[in-house]
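Okay, so here's the structure we're looking at.
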Protein chains: 2
Amino acid sequence: MPKLQVASDKSSLTERDWEQAALNTIAHQGVAALAVEALARDLGVTKGSFYWHFANRDALIKAAVMRWEDNDIKTFERSIAMLSDPSSKLRLLFRRTIKEIQSHLIFSALFRSTDHPVVAEVMQRVSERRVSFLTRSYEELGMDSSAAGHRARLTYLSYVGFLQYYQQFKALRMSQQEVSEYIEHVIQSLIPQQHEE
Amino acid sequence: MPKLQVASDKSSLTERDWEQAALNTIAHQGVAALAVEALARDLGVTKGSFYWHFANRDALIKAAVMRWEDNDIKTFERSIAMLSDPSSKLRLLFRRTIKEIQSHLIFSALFRSTDHPVVAEVMQRVSERRVSFLTRSYEELGMDSSAAGHRARLTYLSYVGFLQYYQQFKALRMSQQEVSEYIEHVIQSLIPQQHEE
DNA sequence: TTATGACCATACGCATGCGTATTGACAAAT
DNA sequence: ATTTGTCAATACGCATGCGTATGGTCATAA
């Protein structure tokens, strides 16, 4: 009979554990660097165990990436989507860029690995959702549909570029302070200000 | 005695030929996908030839990437640097994003491969040069030093993000027309307008 | 206490890709 | 005509990494 695995019981591994470890590797070294034998080593077992839990490497990637997407959606809906003022939404979203680093690192790594079909599919959906959200927010701030769409793309793509730059040259330049100032500049530059007279 | 190779003489290959082929592969499949045996196949020879021209794979990457950087600098200095009006410089630079696709594809591919030390070094220099140029241009347009720096980063990183998105989902969405409109929106949004009264 | 199912180790086959060693072909110089 | 230097083919060794096959351990259910 199947065993009921409790969180603290680390006597044996579950699919979840493997997916979690996979996401960790992806975050720091990218999808290409994800090797099952290395992963098994990290988890203190051999790959004989891996192939009991998953059919192959691709199945792991798929499961891990979809778990990330799921978590991404839930986190978003528990925070930003609950705000009503569009300007506040955007500001919070922008400032989020430097919090919850792990999730952003995964995002960035996945964005660079769209040669893998499953990853491409997921990043497709993620991009669409985020750009749509941004477009709606800019429309609510009074921009016309066309401008809002372009501004949404500009916003999203500057986010993509920032993460890539920040991740790859991280030991480099730009203190935490500078990053904060940069984000505030972006807020000033991209979010239309409401001058109520 | 060494043979003097003319451009049209394709009876045998030169270092340049290998570097050119390497850059082409990098542009379309990234640095990681660069394999000497596959490259030799593309050039119609075997790898026995490759190791006569280069010590190893890394030497090829280094030579190819540095050739690209060199060409990048020269192209820049032959066009944009020659303009005097900073606003014109920036506009031309932005609109360049959709021309000379090959060079942009290489840029984007290299930016995703900074795990390779030589590539990291080159992209480091390239990034610095471009951000510096943008910063100076924005300052010439009247922005203060701090704002100009941030705006330069925002500009550069949105460029990085755009290329990555455009490359990876290229068959997808966004017609040439849409891209043009997007670029014009970016120009409007990021370049301060001179209202002379 | 025996049997079953969950989890893992060991050992293998196979493909890819780097780098080396050796030999060959062919043009230009002597 | 012979030699020398340039470019390339062939064949090998080696490492990595995927996937499979098979057997072992250990808890729990019967």
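Predicted model, so just to flag it, every value in this text is computed and none were measured. Proteins come first, then strands; the chains are lettered A, B, ... in the order of their sequence lines, and each starts at number 1.
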Which atom pairs, donor and acceptor, lie under 3.5 Å between side-chain atoms of residues 112-122 of chain B and protein residues at least two apart or in another chain?
residue, atom, partner, partner atom, Å
B:Arg112, NE, B:Ser108, O, 3.4
B:Arg112, NH2, B:Gln167, OE1, 2.7
B:Ser113, OG, B:Ala109, O, 3.0
B:Thr114, OG1, A:Gln168, OE1, 2.1
B:His116, ND1, B:Val118, N, 3.2
B:His116, NE2, B:Asp58, OD1, 3.3
B:Glu121, OE2, B:Arg125, NH1, 3.4

Query raised in the report: Are A:Leu13 and A:Trp52 in one and the same hydrophobic cluster, where Ile, Leu, Val, Met, Phe, Trp and Tyr link if side-chain heavy atoms are under 4.5 Å apart?
Result: no

Requested in this report: Would you kindly confirm whether A:Leu110 and A:Ile73 end up in one hydrophobic cluster when ILVMFWY residues are joined by side chain heavy atoms under 4.5 Å apart?
Outcome: no

In whole Å, what is the span from the [atom1] atom of [X] to the [atom2] atom of [N]?
| X | N | atom1 | atom2 | answer |
| --- | --- | --- | --- | --- |
| B:Glu15 | D:dC7 | CD | P | 8 Å |
| B:Asn56 | C:dG19 | CG | P | 5 Å |
| A:Glu37 | C:dC12 | CD | P | 15 Å |
| B:Leu39 | C:dT16 | CG | P | 18 Å |
| B:Arg16 | D:dC7 | CZ | C1' | 19 Å |
| A:Asp58 | D:dG17 | CG | P | 16 Å |
| A:Trp52 | C:dT10 | CH2 | C1' | 19 Å |
| B:Phe54 | D:dA8 | CZ | P | 12 Å |

Query raised in the report: Judged by modelled atom types alone, do B:Ser79 and B:Arg96 share a side-chain donor-acceptor pair under 3.5 Å?
Result: yes

Query raised in the report: Is it the case that A:Gln188 and A:Glu184 place a side-chain donor and acceptor less than 3.5 Å from each other?
Result: no

Query raised in the report: Heavy atoms under 4.0 Å, any strand shown: does A:Leu34 hit a base, just sugar-phosphate, or nothing?
Result: sugar-phosphate

Query - Short side-chain N/O contact to C:dA6 OP1/OP2 from A:His53, under 4.0 Å - result: no

Using a cut-off of under 3.5 Å, enumerate the N/O to N/O pairs linking the protein to nucleotides 13-15 of chain D.
none

Query raised in the report: Out of D:dA8, C:dC8, C:dC18, which has the shortest distance to the side chain of B:Val36?
Result: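 Among D:dA8, C:dC8, C:dC18, the one nearest the side chain of B:Val36 is C:dC18.
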
Requested in this report: With the side chain of B:Ser49 defined as its heavy atoms from C-beta on, choose the nearest nucleotide among D:dA8, C:dC18, C:dC8.
Outcome: D:dA8

Report task. Map A:Tyr51 and B:Trp18 onto DNA chain D by nearest heavy atom, then report which one ends up closer to the 5' terminus. Result ->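 It is B:Trp18 whose nearest nucleotide is closer to the 5' end.
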
Query raised in the report: For DNA chain D, whose closest nucleotide is more 5', that of B:Phe50 or that of A:Arg57?
Result: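 Residue closer to the 5' terminus by nearest nucleotide: B:Phe50.
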
Report task. Give the minimum heavy-atom separation between B:Phe54 and B:Ala63, together with the two atoms involved. Result ->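 Closest approach of B:Phe54 to B:Ala63, heavy atoms only: CE2-CB, 4.1 Å.
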
For residues 154-163 of chain A, dump all side-chain donor-acceptor pairs below 3.5 Å to protein atoms at least two apart in sequence or in another chain.
residue, atom, partner, partner atom, Å
A:Thr155, OG1, A:Tyr138, OH, 2.8
A:Thr155, OG1, A:Arg151, O, 2.7
A:Tyr156, OH, A:Ser127, OG, 2.8
A:Ser158, OG, A:Leu154, O, 3.3
A:Ser158, OG, A:Thr155, O, 2.8
A:Tyr159, OH, A:His104, ND1, 2.7
A:Tyr159, OH, A:Arg130, NH1, 3.4

